[in-house]
Amino acid sequence: MSHKALPGFRDFYPAEYAVRAHITDTWRRVVRRFGFMEYDGPPLEPLELYTQKSGEEIVGQLYNFEDKGGRAVALRPEMTPTFARMVAARAQALRKPVRWFAVPQLFRYERQQKGRLREHFQLNVDIVGETDVLADAELLSIAIDICRALGLTRADFFARVSDRRLLNALLAHLQIDEAKWPAVYAVLDKLERQPREVSLDKLREAGLSDATCDAVLGFGALQTVDAIRAVYGASAEVSAHLDTFAEYAAHLDALGVGEYLRLDLTIVRGLAYYTGIVFELFDAQGEFRAICGGGRYDRLLLGLGGVDLPALGFGMGDVVLGELLKARGKLEAVAAEGADVWLVPHEGTPVPHVLTVASCLRGADVSVEYVLNAEKLRTRKSGAQLKDAQKAGARYALVFRESHTAELVPLIESALAPADRLLVDTSGWRADAPDAAALAPLLTALGR
RNA sequence: GUGGCCGUAGCUCAAUCGGUUAGAGCACCGGAUUGUGGUUCCGGGGGUUGCGGGUUCAAUUCCCGUCGGUCACCCCA
(Lines give C-alpha, C1' and ligand atoms only; values in the text may rest on other atoms or scores of the structure.)
Protein backbone atom coordinates (compact mmCIF):
# COMPACT_ATOMS: atom_id res chain seq x y z
CA MET A 1 0.00 0.00 0.00
CA SER A 2 1.56 3.25 -1.05
CA HIS A 3 -1.10 5.61 0.24
CA LYS A 4 -1.54 5.47 3.97
CA ALA A 5 -3.03 8.10 6.21
CA LEU A 6 -0.46 10.74 7.16
CA PRO A 7 1.48 10.10 10.39
CA GLY A 8 -0.66 10.91 13.40
CA PHE A 9 -3.90 10.92 11.37
CA ARG A 10 -6.56 8.26 11.60
CA ASP A 11 -8.82 6.42 9.16
CA PHE A 12 -12.10 5.76 10.90
CA TYR A 13 -13.51 2.48 9.62
CA PRO A 14 -17.11 1.85 10.76
CA ALA A 15 -15.96 0.06 13.92
CA GLU A 16 -13.70 2.96 14.89
CA TYR A 17 -16.22 5.53 13.80
CA ALA A 18 -18.78 3.91 16.11
CA VAL A 19 -16.42 4.53 19.05
CA ARG A 20 -15.81 8.11 18.01
CA ALA A 21 -19.54 8.73 17.61
CA HIS A 22 -20.22 7.12 20.99
CA ILE A 23 -17.84 9.59 22.61
CA THR A 24 -18.90 12.73 20.73
CA ASP A 25 -22.61 11.89 21.06
CA THR A 26 -22.17 11.50 24.81
CA TRP A 27 -20.32 14.80 25.02
CA ARG A 28 -23.18 16.61 23.30
CA ARG A 29 -25.90 14.83 25.25
CA VAL A 30 -24.38 15.56 28.66
CA VAL A 31 -23.31 19.15 27.98
CA ARG A 32 -26.81 19.98 26.75
CA ARG A 33 -28.13 18.74 30.10
CA PHE A 34 -26.39 21.78 31.56
CA GLY A 35 -28.02 24.15 29.10
CA PHE A 36 -25.01 24.77 26.86
CA MET A 37 -25.35 25.61 23.18
CA GLU A 38 -23.11 24.34 20.41
CA TYR A 39 -21.10 26.62 18.12
CA ASP A 40 -18.27 26.16 15.64
CA GLY A 41 -15.75 28.17 13.70
CA PRO A 42 -13.41 27.67 10.74
CA PRO A 43 -10.90 24.80 10.87
CA LEU A 44 -8.47 27.05 9.01
CA GLU A 45 -7.50 30.36 10.59
CA PRO A 46 -5.01 33.18 10.00
CA LEU A 47 -1.64 32.12 11.42
CA GLU A 48 -1.55 35.41 13.27
CA LEU A 49 -4.46 34.34 15.45
CA TYR A 50 -2.09 31.92 17.16
CA THR A 51 1.21 33.79 17.01
CA GLN A 52 -0.03 37.08 18.45
CA LYS A 53 -0.37 35.66 21.95
CA SER A 54 1.94 32.67 21.90
CA GLY A 55 4.80 34.08 19.86
CA GLU A 56 6.57 32.69 16.81
CA GLU A 57 7.75 29.56 18.64
CA ILE A 58 4.31 28.06 18.32
CA VAL A 59 4.62 27.91 14.54
CA GLY A 60 6.86 24.87 14.93
CA GLN A 61 3.91 23.00 16.37
CA LEU A 62 1.31 24.12 13.85
CA TYR A 63 0.14 22.83 10.51
CA ASN A 64 0.65 26.08 8.67
CA PHE A 65 1.17 27.14 5.06
CA GLU A 66 0.58 29.97 2.62
CA ASP A 67 -2.70 29.80 0.72
CA LYS A 68 -3.09 30.74 -2.96
CA GLY A 69 -3.92 34.29 -2.00
CA GLY A 70 -0.62 34.64 -0.17
CA ARG A 71 -2.17 34.50 3.30
CA ALA A 72 -0.30 32.84 6.14
CA VAL A 73 -2.79 30.30 7.53
CA ALA A 74 -2.87 27.40 10.00
CA LEU A 75 -5.14 24.50 10.83
CA ARG A 76 -6.54 25.29 14.27
CA PRO A 77 -4.46 23.77 17.11
CA GLU A 78 -6.96 24.90 19.73
CA MET A 79 -10.42 26.43 19.87
CA THR A 80 -9.94 29.18 22.43
CA PRO A 81 -8.69 31.97 20.10
CA THR A 82 -11.61 31.37 17.73
CA PHE A 83 -13.99 31.29 20.67
CA ALA A 84 -12.53 34.51 22.08
CA ARG A 85 -12.89 36.27 18.74
CA MET A 86 -16.50 35.17 18.36
CA VAL A 87 -17.45 36.21 21.88
CA ALA A 88 -15.60 39.51 21.62
CA ALA A 89 -17.29 40.41 18.34
CA ARG A 90 -20.71 40.26 19.98
CA ALA A 91 -19.76 40.78 23.60
CA GLN A 92 -22.33 43.52 24.12
CA ALA A 93 -25.23 41.59 22.64
CA LEU A 94 -24.65 38.19 24.23
CA ARG A 95 -26.74 37.22 27.23
CA LYS A 96 -24.39 36.49 30.11
CA PRO A 97 -23.18 34.15 31.25
CA VAL A 98 -22.37 32.73 27.83
CA ARG A 99 -22.55 28.93 28.01
CA TRP A 100 -21.23 27.47 24.78
CA PHE A 101 -19.53 24.29 23.70
CA ALA A 102 -17.87 22.98 20.54
CA VAL A 103 -16.47 19.69 19.27
CA PRO A 104 -13.73 20.80 16.87
CA GLN A 105 -11.14 18.63 15.17
CA LEU A 106 -7.79 20.14 16.14
CA PHE A 107 -4.35 19.77 14.57
CA ARG A 108 -0.78 20.09 15.74
CA TYR A 109 2.48 19.27 14.03
CA GLU A 110 4.21 17.17 16.64
CA ARG A 111 5.75 13.74 16.78
CA GLN A 112 3.01 11.41 17.91
CA GLN A 113 3.12 9.34 21.05
CA LYS A 114 0.73 7.60 23.38
CA GLY A 115 -2.43 9.64 23.74
CA ARG A 116 -1.22 12.34 21.37
CA LEU A 117 -1.74 12.32 17.64
CA ARG A 118 -1.48 15.09 15.10
CA GLU A 119 -5.22 15.36 14.95
CA HIS A 120 -7.95 14.84 17.49
CA PHE A 121 -11.47 15.78 18.40
CA GLN A 122 -11.82 17.87 21.50
CA LEU A 123 -14.85 18.92 23.45
CA ASN A 124 -14.52 22.56 24.50
CA VAL A 125 -16.89 23.87 27.15
CA ASP A 126 -16.73 27.52 28.18
CA ILE A 127 -18.55 29.95 30.43
CA VAL A 128 -18.09 33.70 29.99
CA GLY A 129 -19.25 36.50 32.24
CA GLU A 130 -19.45 34.94 35.69
CA THR A 131 -16.87 35.29 38.45
CA ASP A 132 -18.66 33.31 41.13
CA VAL A 133 -17.14 30.02 42.19
CA LEU A 134 -20.45 28.30 41.47
CA ALA A 135 -19.57 28.60 37.79
CA ASP A 136 -16.29 26.80 38.50
CA ALA A 137 -18.15 24.03 40.30
CA GLU A 138 -20.65 23.70 37.46
CA LEU A 139 -17.83 23.39 34.94
CA LEU A 140 -16.06 20.56 36.76
CA SER A 141 -19.31 18.73 37.36
CA ILE A 142 -19.90 18.66 33.60
CA ALA A 143 -16.56 17.01 32.96
CA ILE A 144 -17.22 14.45 35.69
CA ASP A 145 -20.76 13.76 34.47
CA ILE A 146 -19.44 13.03 30.99
CA CYS A 147 -17.06 10.41 32.33
CA ARG A 148 -19.85 8.87 34.36
CA ALA A 149 -22.17 8.85 31.36
CA LEU A 150 -19.48 6.91 29.51
CA GLY A 151 -19.54 4.25 32.22
CA LEU A 152 -16.58 5.32 34.34
CA THR A 153 -16.89 5.41 38.13
CA ARG A 154 -15.02 6.76 41.12
CA ALA A 155 -12.85 3.63 40.90
CA ASP A 156 -11.77 4.71 37.40
CA PHE A 157 -11.05 8.43 37.64
CA PHE A 158 -10.89 11.51 39.82
CA ALA A 159 -10.29 15.25 39.59
CA ARG A 160 -7.17 17.01 40.78
CA VAL A 161 -7.92 20.60 41.51
CA SER A 162 -5.82 23.60 42.45
CA ASP A 163 -6.30 27.35 42.52
CA ARG A 164 -3.85 29.77 40.97
CA ARG A 165 -4.84 32.54 43.37
CA LEU A 166 -4.32 30.27 46.35
CA LEU A 167 -0.98 29.14 44.99
CA ASN A 168 0.09 32.74 44.37
CA ALA A 169 -0.91 33.67 47.91
CA LEU A 170 1.17 30.80 49.25
CA LEU A 171 4.22 31.83 47.24
CA ALA A 172 3.76 35.44 48.35
CA HIS A 173 3.44 34.30 51.94
CA LEU A 174 6.74 32.40 51.55
CA GLN A 175 8.18 35.71 50.30
CA ILE A 176 9.20 34.27 46.98
CA ASP A 177 9.93 37.01 44.45
CA GLU A 178 7.17 37.16 41.81
CA ALA A 179 9.77 36.91 39.06
CA LYS A 180 10.58 33.39 40.28
CA TRP A 181 6.99 32.14 40.24
CA PRO A 182 7.13 30.66 36.73
CA ALA A 183 10.14 28.58 37.73
CA VAL A 184 8.34 27.40 40.86
CA TYR A 185 5.22 26.55 38.83
CA ALA A 186 7.34 24.49 36.45
CA VAL A 187 8.78 22.52 39.36
CA LEU A 188 5.36 21.97 40.96
CA ASP A 189 3.96 20.79 37.65
CA LYS A 190 6.56 18.02 37.55
CA LEU A 191 6.78 17.31 41.25
CA GLU A 192 5.18 13.91 40.82
CA ARG A 193 7.02 12.91 37.69
CA GLN A 194 10.60 13.79 38.49
CA PRO A 195 12.89 12.83 41.42
CA ARG A 196 12.79 15.10 44.44
CA GLU A 197 16.50 15.89 44.04
CA VAL A 198 15.92 17.26 40.54
CA SER A 199 13.09 19.44 41.79
CA LEU A 200 15.24 20.64 44.67
CA ASP A 201 18.09 21.53 42.32
CA LYS A 202 15.79 23.50 40.07
CA LEU A 203 14.34 25.45 42.97
CA ARG A 204 17.82 26.26 44.26
CA GLU A 205 18.81 27.30 40.77
CA ALA A 206 15.88 29.70 40.80
CA GLY A 207 17.40 31.25 43.92
CA LEU A 208 15.15 29.95 46.68
CA SER A 209 16.51 29.43 50.19
CA ASP A 210 16.69 25.88 51.52
CA ALA A 211 13.82 26.48 53.94
CA THR A 212 11.64 27.85 51.13
CA CYS A 213 12.56 24.92 48.90
CA ASP A 214 11.39 22.52 51.59
CA ALA A 215 8.13 24.40 51.91
CA VAL A 216 7.47 24.23 48.16
CA LEU A 217 8.41 20.56 47.96
CA GLY A 218 5.92 19.97 50.76
CA PHE A 219 3.00 21.38 48.73
CA GLY A 220 2.29 17.99 47.20
CA ALA A 221 1.45 16.53 50.61
CA LEU A 222 -1.09 19.24 51.43
CA GLN A 223 -4.25 17.63 50.05
CA THR A 224 -7.01 19.22 52.07
CA VAL A 225 -8.14 22.71 52.95
CA ASP A 226 -7.52 21.94 56.62
CA ALA A 227 -3.98 20.72 55.97
CA ILE A 228 -3.11 23.94 54.18
CA ARG A 229 -4.83 26.06 56.79
CA ALA A 230 -2.87 24.33 59.54
CA VAL A 231 0.41 25.41 57.99
CA TYR A 232 -0.43 28.68 56.24
CA GLY A 233 -3.64 29.81 57.90
CA ALA A 234 -1.86 32.79 59.39
CA SER A 235 -1.90 34.51 56.02
CA ALA A 236 -5.21 36.33 55.62
CA GLU A 237 -4.97 36.04 51.86
CA VAL A 238 -4.34 32.30 51.92
CA SER A 239 -7.17 31.90 54.38
CA ALA A 240 -9.58 33.81 52.13
CA HIS A 241 -8.78 31.61 49.11
CA LEU A 242 -9.19 28.51 51.26
CA ASP A 243 -12.67 29.75 52.18
CA THR A 244 -13.46 30.07 48.48
CA PHE A 245 -12.17 26.58 47.83
CA ALA A 246 -14.30 25.20 50.65
CA GLU A 247 -17.33 26.85 49.07
CA TYR A 248 -16.39 25.30 45.72
CA ALA A 249 -16.14 21.86 47.34
CA ALA A 250 -19.52 22.33 49.03
CA HIS A 251 -21.14 23.15 45.66
CA LEU A 252 -19.63 20.01 44.14
CA ASP A 253 -20.93 17.94 47.04
CA ALA A 254 -24.42 19.30 46.45
CA LEU A 255 -24.09 18.58 42.74
CA GLY A 256 -23.37 14.98 43.66
CA VAL A 257 -19.77 14.80 42.47
CA GLY A 258 -17.87 15.79 45.60
CA GLU A 259 -16.29 12.37 45.95
CA TYR A 260 -14.28 12.96 42.77
CA LEU A 261 -12.59 16.08 44.07
CA ARG A 262 -9.02 16.07 45.30
CA LEU A 263 -7.17 19.23 46.19
CA ASP A 264 -3.74 19.07 44.60
CA LEU A 265 -1.40 22.06 44.55
CA THR A 266 0.80 20.42 41.91
CA ILE A 267 -1.82 20.95 39.21
CA VAL A 268 -0.57 23.96 37.31
CA ARG A 269 -1.95 23.65 33.74
CA GLY A 270 0.72 25.23 31.61
CA LEU A 271 2.39 28.40 32.74
CA ALA A 272 0.22 31.11 31.26
CA TYR A 273 -3.28 32.51 31.28
CA TYR A 274 -5.00 30.60 34.07
CA THR A 275 -6.03 32.87 36.90
CA GLY A 276 -8.15 30.87 39.33
CA ILE A 277 -9.32 27.33 39.96
CA VAL A 278 -7.67 24.84 37.60
CA PHE A 279 -8.34 21.12 37.27
CA GLU A 280 -7.41 17.96 35.45
CA LEU A 281 -9.16 14.60 35.33
CA PHE A 282 -6.96 11.52 35.65
CA ASP A 283 -7.54 7.79 35.49
CA ALA A 284 -7.30 6.28 38.96
CA GLN A 285 -4.58 3.83 38.01
CA GLY A 286 -2.27 6.50 36.68
CA GLU A 287 -1.73 4.78 33.32
CA PHE A 288 -2.78 7.59 31.04
CA ARG A 289 -2.25 11.25 30.42
CA ALA A 290 -4.82 13.70 31.73
CA ILE A 291 -8.29 12.95 30.38
CA CYS A 292 -9.22 16.59 30.42
CA GLY A 293 -8.06 19.89 31.78
CA GLY A 294 -9.31 23.39 32.29
CA GLY A 295 -9.92 26.21 34.65
CA ARG A 296 -10.55 29.91 35.03
CA TYR A 297 -8.84 32.39 32.71
CA ASP A 298 -10.30 35.76 33.59
CA ARG A 299 -7.86 37.87 31.56
CA LEU A 300 -7.57 35.81 28.38
CA LEU A 301 -10.48 37.42 26.55
CA LEU A 302 -8.94 40.82 27.15
CA GLY A 303 -5.72 39.69 25.54
CA LEU A 304 -7.23 37.77 22.64
CA GLY A 305 -10.42 39.63 21.95
CA GLY A 306 -10.04 42.99 23.61
CA VAL A 307 -13.05 42.44 25.84
CA ASP A 308 -12.71 42.37 29.61
CA LEU A 309 -14.91 39.45 30.66
CA PRO A 310 -14.24 36.72 33.21
CA ALA A 311 -14.21 33.25 31.71
CA LEU A 312 -13.53 29.61 32.40
CA GLY A 313 -13.56 26.41 30.40
CA PHE A 314 -12.11 23.00 29.76
CA GLY A 315 -11.03 20.79 26.91
CA MET A 316 -11.46 17.02 26.67
CA GLY A 317 -9.93 15.07 23.80
CA ASP A 318 -11.15 11.84 22.25
CA VAL A 319 -7.78 10.04 22.20
CA VAL A 320 -6.87 9.53 25.87
CA LEU A 321 -10.53 9.15 26.77
CA GLY A 322 -10.94 6.44 24.13
CA GLU A 323 -7.86 4.59 25.35
CA LEU A 324 -9.11 4.65 28.93
CA LEU A 325 -12.62 3.49 27.99
CA LYS A 326 -11.17 0.63 25.99
CA ALA A 327 -8.81 -0.40 28.80
CA ARG A 328 -11.71 -0.44 31.28
CA GLY A 329 -13.94 -2.48 29.00
CA LYS A 330 -16.44 0.32 28.45
CA LEU A 331 -16.52 0.02 24.67
CA GLU A 332 -17.43 -3.63 24.27
CA ALA A 333 -21.07 -2.92 23.49
CA VAL A 334 -20.18 -0.12 21.08
CA ALA A 335 -20.43 -1.25 17.46
CA ALA A 336 -21.54 0.02 14.10
CA GLU A 337 -25.26 -0.63 13.77
CA GLY A 338 -26.76 -2.59 10.92
CA ALA A 339 -30.07 -1.94 9.24
CA ASP A 340 -33.33 -2.04 11.21
CA VAL A 341 -34.89 -4.51 8.80
CA TRP A 342 -33.49 -6.94 6.24
CA LEU A 343 -35.89 -8.16 3.58
CA VAL A 344 -35.85 -11.86 2.74
CA PRO A 345 -38.12 -12.76 -0.20
CA HIS A 346 -39.99 -16.01 -0.67
CA GLU A 347 -39.70 -17.95 -3.91
CA GLY A 348 -42.84 -16.35 -5.22
CA THR A 349 -42.10 -12.80 -4.11
CA PRO A 350 -41.53 -10.54 -7.14
CA VAL A 351 -38.36 -8.47 -6.85
CA PRO A 352 -40.25 -5.21 -7.62
CA HIS A 353 -42.49 -5.93 -4.63
CA VAL A 354 -39.47 -6.30 -2.34
CA LEU A 355 -38.25 -2.90 -3.53
CA THR A 356 -41.68 -1.38 -2.96
CA VAL A 357 -41.78 -2.67 0.61
CA ALA A 358 -38.28 -1.29 1.17
CA SER A 359 -39.37 2.09 -0.15
CA CYS A 360 -42.44 2.23 2.09
CA LEU A 361 -40.44 1.33 5.18
CA ARG A 362 -37.70 3.81 4.34
CA GLY A 363 -40.39 6.42 3.91
CA ALA A 364 -41.27 5.75 7.56
CA ASP A 365 -37.63 6.32 8.54
CA VAL A 366 -36.84 2.62 8.98
CA SER A 367 -33.46 1.57 7.57
CA VAL A 368 -33.83 -1.33 5.18
CA GLU A 369 -31.37 -3.59 3.43
CA TYR A 370 -31.56 -6.67 1.21
CA VAL A 371 -29.33 -8.66 -1.12
CA LEU A 372 -28.23 -6.09 -3.67
CA ASN A 373 -28.25 -8.40 -6.65
CA ALA A 374 -31.60 -9.07 -8.33
CA GLU A 375 -30.64 -12.57 -9.47
CA LYS A 376 -29.47 -13.62 -5.98
CA LEU A 377 -32.37 -11.86 -4.33
CA ARG A 378 -34.71 -14.05 -6.34
CA THR A 379 -32.85 -17.35 -6.21
CA ARG A 380 -30.71 -17.45 -3.08
CA LYS A 381 -32.24 -19.65 -0.40
CA SER A 382 -34.03 -17.75 2.32
CA GLY A 383 -31.88 -19.46 4.94
CA ALA A 384 -28.74 -18.10 3.30
CA GLN A 385 -30.29 -14.65 3.03
CA LEU A 386 -31.15 -14.77 6.71
CA LYS A 387 -27.51 -15.56 7.38
CA ASP A 388 -26.56 -12.53 5.28
CA ALA A 389 -28.87 -10.41 7.42
CA GLN A 390 -27.39 -11.76 10.62
CA LYS A 391 -23.83 -11.15 9.48
CA ALA A 392 -24.67 -7.61 8.45
CA GLY A 393 -25.92 -6.88 11.95
CA ALA A 394 -29.54 -6.24 10.99
CA ARG A 395 -31.92 -6.02 13.94
CA TYR A 396 -34.86 -7.76 12.28
CA ALA A 397 -35.55 -9.75 9.17
CA LEU A 398 -38.84 -9.42 7.35
CA VAL A 399 -39.21 -12.89 5.89
CA PHE A 400 -41.83 -13.40 3.21
CA ARG A 401 -43.93 -16.54 3.69
CA GLU A 402 -45.92 -16.19 0.52
CA SER A 403 -45.50 -13.60 -2.16
CA HIS A 404 -47.20 -10.82 -0.14
CA THR A 405 -47.21 -11.98 3.45
CA ALA A 406 -44.14 -11.61 5.65
CA GLU A 407 -43.13 -12.33 9.23
CA LEU A 408 -40.97 -10.07 11.36
CA VAL A 409 -38.14 -12.07 12.91
CA PRO A 410 -35.80 -10.57 15.53
CA LEU A 411 -32.13 -11.27 14.83
CA ILE A 412 -30.22 -9.72 17.71
CA GLU A 413 -30.62 -9.94 21.44
CA SER A 414 -31.50 -6.29 21.95
CA ALA A 415 -34.26 -6.52 19.35
CA LEU A 416 -37.47 -7.14 21.23
CA ALA A 417 -39.46 -10.00 19.87
CA PRO A 418 -43.08 -9.19 19.02
CA ALA A 419 -45.52 -10.73 21.49
CA ASP A 420 -46.69 -13.16 18.83
CA ARG A 421 -45.59 -13.95 15.35
CA LEU A 422 -46.18 -10.70 13.53
CA LEU A 423 -47.46 -11.39 10.04
CA VAL A 424 -47.76 -8.44 7.69
CA ASP A 425 -49.83 -8.33 4.54
CA THR A 426 -47.93 -6.16 2.07
CA SER A 427 -50.14 -6.76 -0.94
CA GLY A 428 -51.62 -3.28 -0.92
CA TRP A 429 -48.37 -1.36 -0.40
CA ARG A 430 -47.48 1.28 -2.98
CA ALA A 431 -44.23 3.23 -3.03
CA ASP A 432 -45.97 6.36 -4.33
CA ALA A 433 -48.85 6.17 -1.88
CA PRO A 434 -47.73 5.01 1.55
CA ASP A 435 -50.51 3.52 3.65
CA ALA A 436 -49.90 4.60 7.24
CA ALA A 437 -52.50 2.21 8.64
CA ALA A 438 -50.92 -0.79 6.93
CA LEU A 439 -47.49 0.12 8.26
CA ALA A 440 -48.57 0.86 11.82
CA PRO A 441 -48.38 -2.66 13.35
CA LEU A 442 -44.91 -3.16 11.91
CA LEU A 443 -43.64 0.19 13.17
CA THR A 444 -45.03 -0.55 16.61
CA ALA A 445 -43.20 -3.86 16.68
CA LEU A 446 -40.01 -2.04 15.70
CA GLY A 447 -40.48 0.31 18.63
CA ARG A 448 -41.43 3.35 16.56
C1' G B 1 13.77 18.51 17.04
C1' U B 2 16.84 14.40 20.20
C1' G B 3 17.29 9.24 21.78
C1' G B 4 15.75 3.76 22.66
C1' C B 5 12.92 -0.37 20.72
C1' C B 6 10.06 -2.52 16.58
C1' G B 7 8.33 -3.37 11.03
C1' U B 8 6.07 -11.03 7.99
C1' A B 9 -1.69 -11.58 4.78
C1' G B 10 -7.04 -6.89 6.81
C1' C B 11 -5.87 -8.48 12.39
C1' U B 12 -2.87 -11.60 16.06
C1' C B 13 1.35 -14.34 15.29
C1' A B 14 4.91 -18.64 13.21
C1' A B 15 9.06 -19.88 9.95
C1' U B 16 15.75 -24.37 13.28
C1' C B 17 22.28 -22.00 12.88
C1' G B 18 21.11 -17.43 7.00
C1' G B 19 18.84 -22.69 3.18
C1' U B 20 14.55 -24.79 -1.24
C1' U B 21 7.10 -23.35 -3.40
C1' A B 22 6.90 -17.96 3.76
C1' G B 23 2.55 -21.06 7.32
C1' A B 24 -1.67 -20.96 11.08
C1' G B 25 -5.93 -18.90 13.63
C1' C B 26 -9.47 -15.03 13.12
C1' A B 27 -11.70 -12.06 9.24
C1' C B 28 -13.35 -12.09 4.00
C1' C B 29 -15.53 -14.86 -0.51
C1' G B 30 -17.97 -19.52 -2.46
C1' G B 31 -20.46 -24.10 -1.27
C1' A B 32 -22.71 -28.03 1.86
C1' U B 33 -25.38 -28.90 6.29
C1' U B 34 -28.38 -27.10 10.19
C1' G B 35 -36.81 -28.45 9.32
C1' U B 36 -36.00 -20.04 7.87
C1' G B 37 -30.30 -17.47 10.73
C1' G B 38 -25.77 -17.60 15.43
C1' U B 39 -23.31 -24.50 14.92
C1' U B 40 -20.36 -27.73 12.04
C1' C B 41 -17.76 -29.22 7.55
C1' C B 42 -15.40 -28.48 2.59
C1' G B 43 -13.15 -25.16 -0.74
C1' G B 44 -11.08 -20.26 -2.29
C1' G B 45 -8.79 -15.45 -2.76
C1' G B 46 -5.15 -12.57 -0.32
C1' G B 47 2.03 -11.54 1.13
C1' U B 48 7.66 -7.88 -3.96
C1' U B 49 8.48 -10.34 4.42
C1' G B 50 7.55 -1.50 4.72
C1' C B 51 10.96 0.48 0.87
C1' G B 52 16.08 1.01 -1.23
C1' G B 53 21.00 -0.58 -1.15
C1' G B 54 25.01 -3.84 0.74
C1' U B 55 27.40 -8.69 2.45
C1' U B 56 26.64 -13.93 0.79
C1' C B 57 26.29 -19.55 -3.51
C1' A B 58 21.76 -18.23 -0.73
C1' A B 59 18.61 -12.84 3.26
C1' U B 60 12.09 -12.69 6.58
C1' U B 61 16.90 -13.70 9.20
C1' C B 62 23.20 -10.02 9.09
C1' C B 63 24.81 -4.53 7.94
C1' C B 64 23.59 0.64 6.23
C1' G B 65 20.02 4.18 4.71
C1' U B 66 15.05 5.62 4.40
C1' C B 67 9.86 5.56 5.51
C1' G B 68 6.40 4.00 9.12
C1' G B 69 5.05 2.44 14.18
C1' U B 70 6.02 2.79 19.40
C1' C B 71 8.04 4.74 24.05
C1' A B 72 10.68 8.62 26.52
C1' C B 73 12.63 13.73 26.35
C1' C B 74 10.90 18.63 24.58
C1' C B 75 6.04 20.72 24.62
C1' C B 76 1.49 20.70 26.15
C1' A B 77 -3.91 24.14 23.26
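The chains referred to below are lettered A, B, ... by the order of the sequence lines, with proteins before strands, and numbering in each begins at 1.
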Side chain of [X], heavy atoms from C-beta onward: which of [options] has the nearest atom to it?
X        : options             : answer
A:Lys387 : B:C29, B:G38, B:A72 : B:G38
A:Arg380 : B:G37, B:G31, B:C73 : B:G31
A:Glu110 : B:G38, B:C76, B:C75 : B:C75

[X] side chain near [N] phosphate (N/O to OP1/OP2, under 4.0 Å):
X        : N     : value
A:Lys381 : B:U33 : yes
A:Lys190 : B:C74 : yes
A:Gln112 : B:G69 : yes

Task: First encountered from the 5' end of RNA chain B, between A:Tyr109 and A:Arg193 - done: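 Closer to the 5' end of RNA chain B: A:Tyr109.
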Open item on the list: Let me spell it out: for each of A:Gly8 and A:Gln194, pick the nucleotide of RNA chain B with the closest heavy atom. Which residue's pick is nearer the 5' end?
Closed with: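 Nearest nucleotide further toward 5': that of A:Gly8.
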Test: [X] and [Y] ion pair at under 4.0 Å:
X        : Y        : answer
A:Asp177 : A:Lys180 : no
A:Glu45  : A:Arg85  : yes
A:Arg296 : A:Asp136 : yes

Provide the distance between the two [atom1] atoms, one in [N] and one in [M], to the nearest whole Å.
N     : M     : atom1 : value
B:U16 : B:A72 : C1'   : 36 Å
B:G10 : B:G18 : C1'   : 30 Å
B:C26 : B:C41 : P     : 9 Å
B:G23 : B:G44 : P     : 14 Å
B:G25 : B:U61 : P     : 26 Å
B:U49 : B:G43 : P     : 27 Å
B:U60 : B:G3  : P     : 30 Å
B:A27 : B:G35 : P     : 23 Å

To the nearest angstrom, how far is [X] atom [atom1] from [N] atom [atom2]?
X        : N     : atom1 : atom2 : answer
A:Glu323 : B:U70 : CD    : C1'   : 12 Å
A:Leu386 : B:G35 : CG    : P     : 14 Å
A:Phe107 : B:C75 : CZ    : P     : 25 Å
A:Gln61  : B:G1  : CD    : C1'   : 11 Å
A:Asp388 : B:G30 : CG    : C1'   : 12 Å
A:Asn124 : B:C76 : CG    : P     : 18 Å
A:Lys391 : B:G37 : NZ    : P     : 14 Å
A:Leu6   : B:G69 : CG    : P     : 9 Å

Within the structure shown, what part of the strands sits under 4.0 Å from [X] by heavy-atom distance: base, sugar-phosphate, or nothing?
X        : result
A:Pro7   : sugar-phosphate
A:Val344 : nothing
A:Glu407 : base
A:Arg116 : base

TODO: Taking all non-hydrogen atoms of both residues into account, name the closest pair between A:Arg269 and A:Tyr274 and its distance.
DONE: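 The pair with the smallest heavy-atom distance is O-CD1, 3.3 Å.
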Open item on the list: Check whether A:Asn124 reaches the backbone of A:Gln122 with its side chain - one donor and one acceptor, N or O, closer than 3.5 Å.
Closed with: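 The answer is yes, because a donor-acceptor pair under 3.5 Å joins these two groups.
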Task: Heavy-atom donor-acceptor pair, A:Arg111 side-chain to B:G3 base, under 3.5 Å - done: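 Per atom types, the contact qualifies.
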Open item on the list: Is the distance from the ring center of A:Phe9 to that of A:Tyr109 below 6.0 Å?
Closed with: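 Not close enough - the centres of the two rings lie 6.0 Å or further apart.
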Open item on the list: Taking the ring centre of each residue, are A:Phe282 and A:Phe157 less than 6.0 Å apart?
Closed with: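 Here the rings of A:Phe157 and A:Phe282 have centres that are no less than 6.0 Å from each other.
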Counterpart base for [N], defined by Watson-Crick or G-U wobble contacts under 3.5 Å:
N     : answer
B:U70 : B:G4
B:A32 : B:U40
B:U16 : none
B:C26 : B:G10
B:G52 : B:C64

Can you give the donor-acceptor pairs under 3.5 Å from side chains of residues 323-338 of chain A to other protein atoms, not counting sequence neighbours?
| from | atom 1 | to | atom 2 | distance (Å) |
| --- | --- | --- | --- | --- |
| A:Glu323 | OE2 | A:Gly115 | N | 3.4 |
| A:Arg328 | NH2 | A:Glu287 | OE2 | 3.2 |
| A:Lys330 | NZ | A:Gly151 | O | 3.2 |

